[in-house]
Every structure is written in structure tokens, then in C-alpha cells.
Amino acid sequence: MTTKAAQSHQERGYMSLMKGVRELDLRGTSVPGHLVLTGDHSFPLVMNSHGQVLMAASFYGSGRIVVLGHESYLTAFPALVENALVWLRGDGSENQSVGIHKNVQGVAHNVSTPLFQTRTVGSFSRDLGVGVYVTDAYSVGPDQKDLVAFLKAGGGVLIAGQAWSWAADHPKENTLLQFVGNKLSGVAGVYFSEHHAEAEYLPVYPQIPSSWMVVQVGKDFEEDLEFLLQGVSEFDIQGEALPSEVLVHGPLAFPIGTTSDGRAFLAGAYYGRGRVIVVTHEAFLRKEALSQFWINAIHWLDEGQNGVVGIVPDNALQVLSKSGLKCVKTSFRKDLSVFVCTAYSSDHMDEIQEFVAEGGGLLVGGHAWYWAQTHPGKNPMTDFSGNKILNRMGLSILEATISGGIYKAPVPSRAVKDTYHFRHLLYRFAGHVTQGKELTKHEEECLGKLGNDCACFLHLKNHDCSSYAQMVSTLTEILKKTGMPQSFDGCSSRCGFILTFVCVNVIGGEEWVSTGLYLSPGMKTYMVIPEEIVNKGWEVQVGCQTDKLNAEELKRAPCVHERFPISSEMMHVRNLWGGLIYLVAPPKTRVEGVEVIVQIAVPAPYYKSGVTTAADWSLLRSAPSPWAELEFDNIIFTVPSEFVRDLDRPDELAALWNDIMRGVADLAVIPHKFARKERFVTDVQISHGWMHAGYPVMAHRSTAGELVSIKHAKTEGHWGIIHELGHNQQRACWEFPSHTTECTCNLWSVYVHEEVLGINRAKAHPNMTLAKRNSRAEQYAKGGRNLSKWSMWVALETYMQLEDKFGWDAFKRVFAAYHEMSNFPKDNKGKMNLYAVTFSQAVEMNLSGFFKSWGWPIERDTEDKLSKLPPWTDHPMVQYD
């Protein structure tokens, strides 16, 4: 269900511009130039087999621009030019007037549509009154400021040309900044580069063209580094200031100062007609040891304007004034040539971005690690103020930190080879996996960092941006070629789906609502969302493995799921890694009859008790998704699909797990219908342990076979699995961390095995034999009954002795009593005394002596409260007195 509302403005623009055009024969005498695209608004129209962009479009302010890589294309492709004029005029505009520069007056002869009134002009002026202006890239010099203003105000510009011949004639000039065409198109993030492009016979694709080769760096920054590093041999960032790392990801962004392992703390970029530098701690702006670099940097940013430098950060004025330019303490002003600020405010964000795009210089200082620590749950890449300004410039400040030290400045002539650059290495690695190109030893050593940077980059989540989509496309291609975990092929069965959720009632924490659908890696889909859950805290999640990994050796990427807040009735979602699709319902939510339409997806083997029939399952279990879900009355299992292909009777497995979960509920004294179904997800690698509790419970992939085996449950049992479910039943009021953290959850393991599965505790776990139990109690007593040693298996013996004497019903009475209490003690001593009282009252026996024999800090007041009850004098610990 691809609708106009669902598409990004770039996709709609592409479809309008290429309407009716099936192929383009660019072969001939014209040698086009390669266009470099930056920012969030530019997108390619035509791309050759080398990933070179020959035609592109973009937005700037309220206007639009189309850029062709050779002036001859203005007359060679009349259908494309007519489409461009229609699109450039803008939606709803009634201005039919098109101004055409005299140097390209041939365009007028090819415009056959009566929608336009063309006229040839010698130059552009504001009083022309045109809606669209057509020119070559060589004739905008005197008109550039008026044309930029015209574009920003809503005008359309069609410009064509190439810069490679100009660059050959001007070897000492900076093509990006000095070529006249770039003084117009550059503000919108489309640059005529110094490189020519291969002209080919090219098909026109139904979607914006993409290639892994387009991720290459768009400029050689040797001259920039030579200017910036005059008199600079090292960067002294010693001291108390702890900088962040900066991710350099734009095609016109480059690292300047890095650690020996390639982590950048200082970087620069071109943006529009201006430049930007970011340093990842504002204290470095006033550091005398860096003064020579700052002198160079201010002049590089000023670009010879000799303008005014406006400075926000305190104490930076003295060092930056050494540049010789006029430096003043001020907030943002449009009349500045360079603006210096911190990364902690997004005030004037749009104005600052526009300021740089139109030729200003920006110097930003600040770190993101403290912000990340104080804003848990937020995404530093998109929510941190500095990144809201810098992201589209190809720079992002990370929450990762860099140690202080003295770091060598790069050698400009060797910077590309010797310095780690995310985009360059990604291009090289993509060539390695797709074409077998050899990597250098240095590049191979940097692949671990490349993986981490890819994960950081994906957190930009700029799915409607063509440049982001290009990068994701490259990563997807790499993923498919390398066969990394979370990458699956063969999921070719794709169709539309209408999903109806009869009732969603969330009482506790957030809840995932399964759809039974899967997205392949890199695949995107559109979802039509009912109005009643839009902007109500709901999200779409793609991917079930939500553990974020931080390990030296990774078996999958650190983060392989994506979430999208539901903020409109039409959602566009995708995930580089693919994954099952969920709706995530916020806490305390109740909706009925929710209908969601998914445009395109892959069906998954999905069984739901009471819904999926035997006939349904006979087909669904062979569905092509690599991940399957089994949803029973109170628990949901997510496992690799191979583990359910031969599952003939999921209803029998459901009956077993319904019994197990009723057992869990019985001991906890909660309703058999859980407020939120437990979830259990298997993964190739998890964040900690063999399994860990939570929502969902996470386990290693090898556990999947056990989860779906009735035989295994009834013969071997599920100690570890029930242990994690027991963790989810623990309550702080009767927990004594860290003593009982890994102890009381095992009450459920023992109970379920004995009462539901019929497996004696001694068989359920080797540590539960009578001999081992007695040995632990004896050693603990003879060791002085030191409470610091009372934990895990030793602590469990305390509870097992209580169960041996009073049975499981006693525990149920205790848990039931806690359900009725409030205002619990916060400290372990207070909680342990309350537990002693509660258990004693539940069994009508004074257990204070028993608990004291285990080293519990039983108070006199507790003993007085229980003094009227008969004491338990023959408890098992008496023998060790």
C-alpha cells in the first residue's frame, strides 16, 4: 500500500522527475562530471555502474533544484527536462514563467508543454518574476546571491554543467568552493566535482538508484590538512577535560585529530558553501597548547573573508583572538563570518545550518558522554543538541570517550592511507566482500572499529534521507555477502497483510504485540496505523533480539533491532538486520479491534493458542521467515524457524507450557492469567550469562531445541529456564540482595519440577542432592554462620529446610501475605526481620531461633513479637550448635 503520504519527499520527487523515462543513453561526445551529494535533502537521479552520480536533485529552504552533470543534457533529454520544470515549479504553484539563460536557450525549443511560458534572459534578477530558472553551471557567478535567495524563497532552479575541465585549468583552486556552479548548487548539498564520470547506457530504476560504491569519500583533503596543520605536529589534550569520540561519516567530512587507533576527537567538513570543525570538548577551545591549530582553523573557516568571529564559550576569546581576526563575545548573528559555540544548545539550529550552507564557518566544541549518562533511554545521535546541528554536516558526537594524551598530527600526504576514515574503510570493505579486493594490514586491523561505527551510524535512523538509505544499502549488501548472524537469504515470499488485534490490555510494563511477520535485511515496508494509537506512546519494533552487546568478540552486531515511534497513520520502517515486526504497547493501555495494514513483509511460522488451527500450522510452520514464534496462554517463545519445522503438535507443547506457567503463578499466588505474557527469545549471543531474566528473557540459541521439546521437559527438566522465570517473580520486599538474587528464583525451579513435571529436586539439578545440601549447611555453620557467605545455593538451603518442614503451602501463604502489605523496609536487616515474622505467622510457629541459626540479624523486637508462638526447637541447624 504505497501511497503518496507514505513516501518521503525525496521518493516522491524522484518519481515525478523520472516519470515516463525508461532509459538514458549518455554515450557520445559529452563527458559528464561526477556530482557529490551531502546533507539530508539531496538525492541522485542517475547513477552509473561505478556509483558515480550524473544527475541529482535537492531541496533548499522552500525551493527545489535539479543538477545535470553536463550542459548538453538540457537538450538531449527533453522528457526529463519537462519533468524537471514541472517538479521545480512546486506543488500548487501557478507561476508558468520559466527564465532561461541565453547560453542554454535551446531548452526553450524542447519545452512543448503549454504549462510553461519561457523567455530567454541575459542574467538572473529578482524582478524577473519567474517560477523556475534554467542556466548552465558557468553563468551563475554574478547572480549567485540573488539565485540562492530565489531558491530559498521557493523558486526552482535547473542547472547543468561539469567542473572537471575547469579544475584542470585551475589546479590550485578549490573546486567545491570556487567553481561558480557550486556557489549555487552547493548550498543545497549538490557539488560539481573535479572528477569526470563514465557515460553509459543506463536504465531508469523505479526507485532512487543506489550503489555501495557511492559511499566513497567525495574529496581529497590533503590541501585542507596542510592548511590546518601548519606549525602543528601534535595535539595535546592532556588534563581533566574528558572528550567524546566523533564519528566522521559524511562524504565531505574528514578526521583531523585522532588517537593511535583511529578514534577522532577533532574533525572538519564542508557543508554547502561553508565549512565546519568540531572538537569534542569545549575546554580545548581555550587550551594554549592548541593555539596554533586554532589560528589555522579560524582562518580556514573564515575562507579569506576577514570577517567577524562570534564566540559563545567562556574563556575561548583569548586563544581564538590570536588568529588576528576580529573576535567578539556574542550569541549567533547572521553578519558573522565564523560562529564558535558549544554542542549543548540547539538554539538557532536552522539559522546556523543555513549560515554555514551559504558560506559561513562553524566551530563547535563539546562532548556527549555526560549528556548520555544523564538522559537514559535517549538516543545521543539524534537527541543530543549538538548532533541536531552536526548530523547533516556529516559529523556526530558519540557518547564514547577518549583518554587524554598527546597525539601526533596526521601527515597530510599520507592521511588517506594512514588515518582511519569510516566512509573510506566502508567503501574499501564493501569492495573486498563484493569484488574480492585486497585489504591492507592496517585496514584489516580497523575492521572491528568499522563494525562499531556502523552500529553508531545506524542510530541516526534518518530513514527518509537518501544519503542514509545509500549507506544502509551498502551495509545490507555487505551483510548479505558475508553471511553474518542475523542475515538470512531466501525470504522471497512477500505480500501485503491486514492484522487485526481484537484486544490489547497492558497492565504492567510495555508489551510487544506479535504480528507474525518478518522483514528481510534492509527491506522496508509501509504500515497503516489506526488513529487511536497514533502519538499515544506506541512504537513499531523490527527485530526480537534486543540485547545490546559490549564484548571484545562479537558473534553479531552490538544492536540488531530498531524502534520507530508511532507518530503518524502511515509509518515507513526498515532494519538493516531484518527481524520480526512488533507493535510495542505502552504501559496501562487498553485498545480493542486495532487493525494494522502492512504493505509488504515475509510471513513467519507463528502459532497462537486458541487462534492457529492445525490446518493453519501445517502451512505456517514452513513459512520462509528465519524466526518463528510460539505464543501460548502465558508465554511466547521466539526461536530460529528450523526448530519448529518438524513440530507436529504445537497444541501439546502449549498444554505443557500452560501447566508450567500455572505452576509459576500458583507459587507466586497470582492469577493464572498473567498480566503480561512472559517472552523468551534465543540469540546467537546475549549481553551476559547463559540466560538472563527480563522482558524478554534472553537465552543462547542452543536453548531453542529444549524449549520446544516435550520429551526434554519431562525427562531432563528446565531448571535454567524456570530459574529465569523465577527471577521475574522476585519482589524487592522479600528479596535481600545480593544474598538471594540468585537464590529465591530457584524456589520456582524446585516447585515446578516437583509439582508440575514430576521430577525430584535431586534429579532436577545436581546441586540439589541431599548429600550436597547437608554439606553446604554444615560447612556454613562450622564457618561461623557468616552472613557474607550466605548466598545462592547456601541461601537456598535455608528455604529448602523451611519447605521440608512446612511444605509449599507455607510459601504460598507468605507470598499471599506480602500481596496485602505496603510500606516495606528498604534495608536488608529490616526486610529479613519482616520475613521472619511473616513466615512465623504463616506457619504459627516461632522461627526466630531458626533464622538466627542461619546468621540472620534477628532483632529483639522480632523475638518479642513471636514470643507467644511455639518455637521450632528441632530445626536442622540445631545439630551444628
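This one's a predicted model, so the numbers in the text were calculated from it and none came from an experiment.
- Between the side chain of His723 and the backbone N or O of Trp719, no donor-acceptor pair lies under 3.5 Å.
- Residue Tyr880 places its OH atom among more than 12 non-hydrogen atoms of other residues, nucleotides or ligands, all under 6.0 Å distant.
- Rounding to the nearest 0.5 Å places CG of Asp547 at 3.5 Å from OG of Ser687.
- Closest non-hydrogen pair, Arg773 versus Glu797, comes out as NE-OE1, 2.7 Å.
- Atom CG of Asn823 sits in a sparse spot, with 12 or fewer heavy atoms from other residues, nucleotides or ligands closer than 6.0 Å.
- Within the 4.5 Å cutoff, the side chain of Pro650 has heavy atoms near those of the Leu647 side chain.
- Closest heavy-atom contact between Ser840 and Leu869: O-CD1, 3.9 Å.
- Counted by atom type alone, Asp666 and His672 present one or more donor-acceptor pairs between their side chains at under 3.5 Å.
- Trp512 places a side-chain heavy atom less than 4.5 Å from the side chain of Thr546.
- Arg676 is linked by a salt bridge (charged side-chain N to carboxylate O under 4.0 Å, His left out) to nothing, counting only residues two or more places apart in sequence or in another chain.
- The shortest side-chain heavy-atom distance between Glu245 and Thr401 does not fall under the 4.5 Å cut-off.
- In Lys852, the NZ atom is not crowded: 12 or fewer heavy atoms of neighbouring residues, nucleotides or ligands sit closer than 6.0 Å.
- Using a 4.0 Å cut-off between a side-chain N of Lys or Arg and a carboxylate O of Asp or Glu, Arg701 and Glu642 qualify as a salt bridge.
- Side-chain contact check for Met381 versus Leu398: some heavy-atom pair is nearer than 4.5 Å.
- Without hydrogens or angle criteria, Trp657 side chain to Leu707 main chain gives a donor-acceptor distance under 3.5 Å.
- Between His765 and His753, the ring center distance fails the sub-6.0 Å criterion.
- Inter-residue side-chain proximity for Arg785 and Ser853 is flagged as met; some heavy-atom pair is nearer than 4.5 Å.
- Other residues, nucleotides and ligands place no more than 12 heavy atoms under 6.0 Å from the CD atom of Glu844.
- Side chains of Leu630 and Phe680 form no contact here, defined as non-hydrogen atoms less than 4.5 Å apart.
- Residues Tyr751 and Lys812 bring a donor and an acceptor atom of their side chains to less than 3.5 Å of each other.
- Residues Glu859 and Lys829 are paired through a salt bridge, judged by an N-O separation under 4.0 Å between the basic side chain and the carboxylate.
- Look at Arg679 and Glu631 and you find no salt bridge, because none of the NZ, NE, NH1 or NH2 atoms lies under 4.0 Å from a carboxylate O.
- In this structure, a donor-acceptor pair under 3.5 Å is present between the side chains of Tyr582 and Glu629.
- By the 4.0 Å N-to-carboxylate-O rule, Arg761 lies close enough to Asp804 to be salt-bridged with it.
- Closest approach of Ala372 and Pro380 over heavy atoms only: CB-CG, 3.9 Å.
- The heavy-atom pair separating Ile759 from Ala764 by the smallest distance is CG2-N, 3.9 Å.
- Rounding to the nearest 0.5 angstrom, the gap separating the CG atom in Asn833 from the CD atom in Glu863 is 9.0 Å.
- Screening His739, Arg731, Gln730 for a side chain to side chain contact (heavy atoms under 4.5 Å, CB included) with Thr744, the sole residue that qualifies is Gln730.
- A donor-acceptor pair under 3.5 Å is absent between the side-chain atoms of Thr741 and the main chain of Pro737, judged by distance alone.
- Side-chain atoms of Ser775 do not come within 3.5 Å of backbone N or O of Ala771 as any donor-acceptor pair.
- Scored by the side-chain hydrogen bond (donor to acceptor under 3.5 Å, both in side chains) test, Asn846 finds Ser848 as partners (sequence neighbours excluded).
- Of all the heavy atoms in Ala557 and Trp577, the pair that sits closest is CB-CZ2, 3.0 Å.
- In summary, Glu511 and Arg590 do not engage in a salt bridge, as defined by a charged side-chain N under 4.0 Å from a carboxylate O.
- His375 contributes a side-chain N or O that, together with a main-chain N or O of Trp371, makes up a donor-acceptor pair within less than 3.5 Å.
- The line from NZ of Lys677 to OG of Ser514 is 8.5 Å long, rounded to the nearest 0.5 Å.
- Side-chain atoms of Thr838 come within 3.5 Å of backbone atoms of Leu834 as a donor-acceptor pair (strictly under, hydrogens ignored).
- Applying the 6.0 Å contact sphere to CG of Asn550 captures no more than 12 heavy atoms from other residues, nucleotides or ligands.
- Without hydrogens or angle criteria, Glu652 side chain to Arg649 main chain gives no donor-acceptor distance under 3.5 Å.
- A donor-acceptor contact closer than 3.5 angstrom is absent between the side chains of Gln685 and His700.
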Exercise for the section: Show your working on salt bridge (Lys or Arg N to Asp or Glu O under 4.0 Å) between Lys831 and Asp827 and close with a plain yes or no. Expected result: CA-CA 6 Å; Lys831 290 193 291 184; Asp827 61 303; over 6 Å; no

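- Atom CZ of Phe839 and atom CZ of Phe815 lie 8.5 Å apart (nearest 0.5 Å).
- In this structure, the separation between OG1 on Thr612 and NZ on Lys608 is 8.5 Å, given to the nearest 0.5 Å.
- Expressed to the nearest 0.5 Å, how far SG of Cys456 lies from CD of Glu399 amounts to 7.5 Å.
- Counted by atom type alone, Glu678 and Asn634 present zero donor-acceptor pairs between their side chains at under 3.5 Å.
- Checked by atom type and distance alone, the side chain of Trp854 never pairs as donor or acceptor with a backbone atom of Leu787 at under 3.5 Å.
- A salt bridge between Asp648 and Arg621 is present, with a side-chain N of the basic residue lying under 4.0 Å from a carboxylate O of the acidic one.
- At a threshold of 4.5 Å between non-hydrogen side-chain atoms, the residues Gln545 and Trp627 count as touching.
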Practice task
Test Glu803 against Trp808 for side-chain hydrogen bond (donor to acceptor under 3.5 Å, both in side chains), laying out the working first.
Solution key: CA-CA 6 Å; Glu803 196 282 326; Trp808 290 114; 3.3 Å; yes

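- Between Trp872 and Phe806, the gap from one ring centroid to the other is short of 6.0 Å.
- With 3.5 Å as the limit, one finds a donor-acceptor pair spanning the side chains of Asp616 and Thr613.
- Listed for the Arg813 side chain is no donor-acceptor partner under 3.5 Å among the backbone atoms of Val843.
- Remark: the Asn379 side chain and the His459 side chain contain no N/O donor-acceptor pair separated by less than 3.5 Å.
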Problem - Chi angles and distances behind the side chain to side chain contact (heavy atoms under 4.5 Å, CB included) call for Met800, Leu747 - result: CA-CA 8 Å; Met800 289 297 93; Leu747 293 174; 3.7 Å; yes

Practice task
Start with the C-alpha gap between Tyr799 and Thr740, add the side-chain angles, then the distance that decides, and say whether side chain to side chain contact (heavy atoms under 4.5 Å, CB included) holds.
Solution key: CA-CA 11 Å; Tyr799 297 92; Thr740 57; 3.7 Å; yes

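- Annotation: side chain of Trp856 is not in contact with side chain of Phe850 (no heavy-atom distance under 4.5 Å).
- Contact between Thr862 and Ala836 at its shortest, heavy atoms only, is CG2-CB, 4.5 Å.
- Looking at Ser625, its side chain never comes within 3.5 Å of a backbone N or O of Pro603 through a donor-acceptor pair.
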